[in-house]
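Quick note on labels: first sequence line is chain A, next is B, and so on, each numbered from 1.
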Amino acid sequence: MKSKLVIYNTLTRTKENFTPINPPFVGLYVCGPTVYSDVHLGNCRTFVSFDLIYRYLLHLGYKVRYVRNITDAGHLEGDQDEGDDKFSKKARLEQVEPMEIVQRYTLGFHHIMQLFNVLPPSIEPTATGHIAEQIEMVKTIMNNGYAYEVNGTVYFDVEKYSKSHNYTVLTNRQLEDLLANTRDLGGQDEKHGRLDFALWIKAKPEHIMRWPSPWGWGFPGWHIECSAMSSKYLGDTFDIHGGGMDLAATHHTNEIAQSQACHHVQPARYWVHTNMLTVNGARMSKSAGNGFLPQELFTGNHPLLERGYSPMTVRFFMLQAHYRSTLDFSNEALDASDKGYKRLMNAIALLDKLTPAATSDFDITNIRERCYQAMNDDFNSPVLIAELFEAVRIINTVYDGKGSLDQQNLDMLKTLIRDFVFDVLGLTEEVAQTDDFGKLMDFIIRLRLDAKNNKDYATSDKIRLQLQELGIQLKDSKEGTTWSKV
RNA sequence: GGUCGGAUGGCCGAGUGGCUAGGCAGAGGUCUGCAAAACCUUUUACAGCGGUUCGAAUCCGCUUCCGACCUCCA
């Protein structure tokens, strides 16, 4: 296993060598979507980023159990531990059952993930499917003395926890500062401490999504589901826990506290946080109204978009930035990625047309080594892509007859492309050249060649221009004619 | 206000104490019936001011600006 993989760990704020607890197995947990509305592009970036991580771990030969949850209960409007959960609110607005909301947006999420060629996780557990586990966990935390019940709601006692544990381990903040910036407890507030958060919430009479518990009818708090489900499927301590950076300060901080209070161990060894997608420098978010839905991006049907971009162009765009950097969205940047992606794919399409020579002007081993170096350095996909464009130049040069590859290097080049472009980056060719459409194109190209051989340039140009209007670009060369979608 | 992270050429975006990132765009050239593509060459750079160093865009300090989190968000 060529594994000198280093991963940036939010817990230590440094890059660390990746050493699984129980190799070759790797446990990976990622906080999934809350399915009360459509996923926007920023959400997608996180899942594409972890798809890259998952794919590379698989490529290295690890047996990865990838758990990514669906939050379908307990996520409140405003994190004040009061009011409605997001599903009930949306359901009331649309006059449907909350679980209809859950179903609709879960299906939508899966559809979008497929378009982005994001591999499904090994297990995709839901919060509503693990109510019993969550209740058990809350009971244990209470028994361990880190939670208390008030009128059917159970709160986590942050103050008590922080006497023996580092509550702010992920964010390095001072507890006093947190306290200073938290609102005053009102007279009617049930919480003992300002930072306390709900593990279990008493259902109001009108609340539809509710389950029986030792504390009466209620529903789980937002954070407890991830603790309960990650420990159920990956163990009390597992290898990697991931999510968007925005979750670190609250959700993940509380997850760690709950898990510690329950199991007396850190839940995850490596905490990985992906950065935000921005628009004009500001974070894309649901509430700011600057979010794109994937469908709007694909069709170009949005005021900020000049045209539509294909899912693979968008995936490529995302992978051209490192997952821990913000990525700024713009039409210009998408255009550049679109052309770059097509350049990459056009070169790959030429790969099968290359004929091996007796000698080789290029050494693919070096490029391969650099590709691994890039990915081993905290999954540096932009550097990987830069290396792959080196391979693109080699392919084009050989195709132009200005350089040669022997059989061994040609085979290595094909393996390199398969491994890194398709397996690790998860890119796909959006138009297959071998299907019926491709056969049809071959036929048209032969017709045009006949015309050209007869010096009937009027006909050959007509064919070329007509195809261009249909969005298909012909390219003549010594080896023959190829085509690509514009 | 607190914590954290940024500021790289026309745009996006890597990286690093001395060696070309890459993509897109621009310029010139080669090839070509035309077109496109490809290939070659090439212009524009590391926010500002100090300091450390033989040498800093890269380390340190200060300044300015920006963002994220601290209230729901991947």
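Distance CZ (Arg448(A)) to P (G33(B)): 12 Å, rounded to an integer number of Å. To the nearest angstrom, C1' of A14(B) lies 15 Å from OH of Tyr323(A). Counting to the nearest Å, the P atom of G13(B) and the NZ atom of Lys339(A) are 18 Å from each other. Across the protein-nucleic acid pair, Met245(A) atom CE and C70(B) atom P stand 14 Å apart, rounded to whole Å. Across the protein-nucleic acid pair, Phe317(A) atom CZ and G13(B) atom C1' stand 10 Å apart, rounded to whole Å. Taking atom CG of Asn254(A) as the reference point, atom P of U71(B) lies 11 Å away to the nearest angstrom. Regarding Arg324(A), its CZ atom lies at a distance of 13 Å from the C1' atom of G15(B), rounded to whole Å. For the pair Glu387(A) CD and G22(B) P, the computed distance is 10 Å after rounding to whole Å.
Judged by ring centres under 5.5 Å apart and planes tilted less than 30 degrees, Tyr457(A) stacks against the six-membered base ring of G33(B).
Tyr56(A) and Tyr372(A) have tilted rings, their planes meeting at an angle from 30° to 60° on a 0 to 90° scale. Using cut-offs of 30° and 60° on the angle between ring planes, the pair His223(A) and Phe197(A) is perpendicular. Ring orientation note: the planes of His273(A) and His252(A) are tilted relative to one another, at an angle of 30° to 60°.
Checked by atom type and distance alone, the side chain of Glu225(A) never pairs as donor or acceptor with a backbone atom of Pro220(A) at under 3.5 Å. For the pair Asp476(A) (side chain) and Thr481(A) (backbone), a donor-acceptor distance under 3.5 Å is absent.
One finds a side-chain N or O of Asn380(A) lying less than 4.0 angstrom from the OP1 or OP2 phosphate oxygen of G15(B). When the side-chain nitrogen and oxygen atoms of Lys452(A) are compared with OP1 and OP2 of G33(B), none of them lie within a distance under 4.0 Å. Proximity of Arg343(A) to the phosphate of A38(B): a side-chain N or O atom is located under 4.0 Å from OP1 or OP2. Dashed line: the shortest gap from a side-chain N or O of Thr326(A) to OP1 or OP2 of A68(B) is not under 4.0 Å.
Taking the side chain of Asn43(A) as heavy atoms from C-beta on, and the options A74(B), C34(B), G33(B), the nearest nucleotide is A74(B). Closest contact between the side chain of Asp328(A) and the listed nucleotides A74(B), A14(B), G13(B) involves G13(B). The nucleotide whose nearest atom lies closest to any side-chain atom of Ala321(A) is, among A37(B), A74(B), G13(B), G13(B). If you check A74(B), C11(B), G22(B) against the side chain of Glu332(A), the one that comes closest is C11(B). For Asp400(A), counting side-chain heavy atoms from C-beta on, the closest listed nucleotide (A38(B), C70(B), A74(B)) is A38(B).
C59(B) is paired with G51(B) under the Watson-Crick or G-U wobble criterion, all donor-acceptor distances under 3.5 Å. Across all strands shown, G10(B) pairs with C24(B); the Watson-Crick or G-U wobble distances both stay below 3.5 Å. With a 3.5 Å ceiling on both atom-pair distances, the Watson-Crick or G-U wobble partner of A68(B) is U3(B). With a cut-off of 3.5 Å on both pairing distances, the Watson-Crick or G-U wobble partner of A38(B) is U30(B).
Map Ala282(A) and Pro382(A) each onto its nearest nucleotide of RNA chain B; the residue landing nearer the 5' end is Pro382(A).
When heavy atoms are screened at a 4.0 angstrom cut-off, Thr278(A) is found touching no nucleic acid atom at all. Across all strands, His322(A) comes closer than 4.0 Å only to sugar-phosphate atoms, never to a base (heavy-atom distances). Among the atoms of the strands shown, only primed sugar atoms or phosphate atoms (P, OP1, OP2) are found under 4.0 Å from some heavy atom of Arg393(A). Nucleic acid contact class of Leu247(A) (heavy atoms, under 4.0 Å, all strands): sugar-phosphate only.
Between Phe116(A) and Phe47(A), a ring centre-to-centre spacing not shorter than 6.0 Å is recorded.
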Worksheet entry | Derivation and outcome, salt bridge (charged side-chain N to carboxylate O under 4.0 Å, His left out), residues Asp361(A) and Lys402(A) | CA-CA 10 Å; Asp361(A) 297 327; Lys402(A) 291 171 183 162; over 6 Å; no
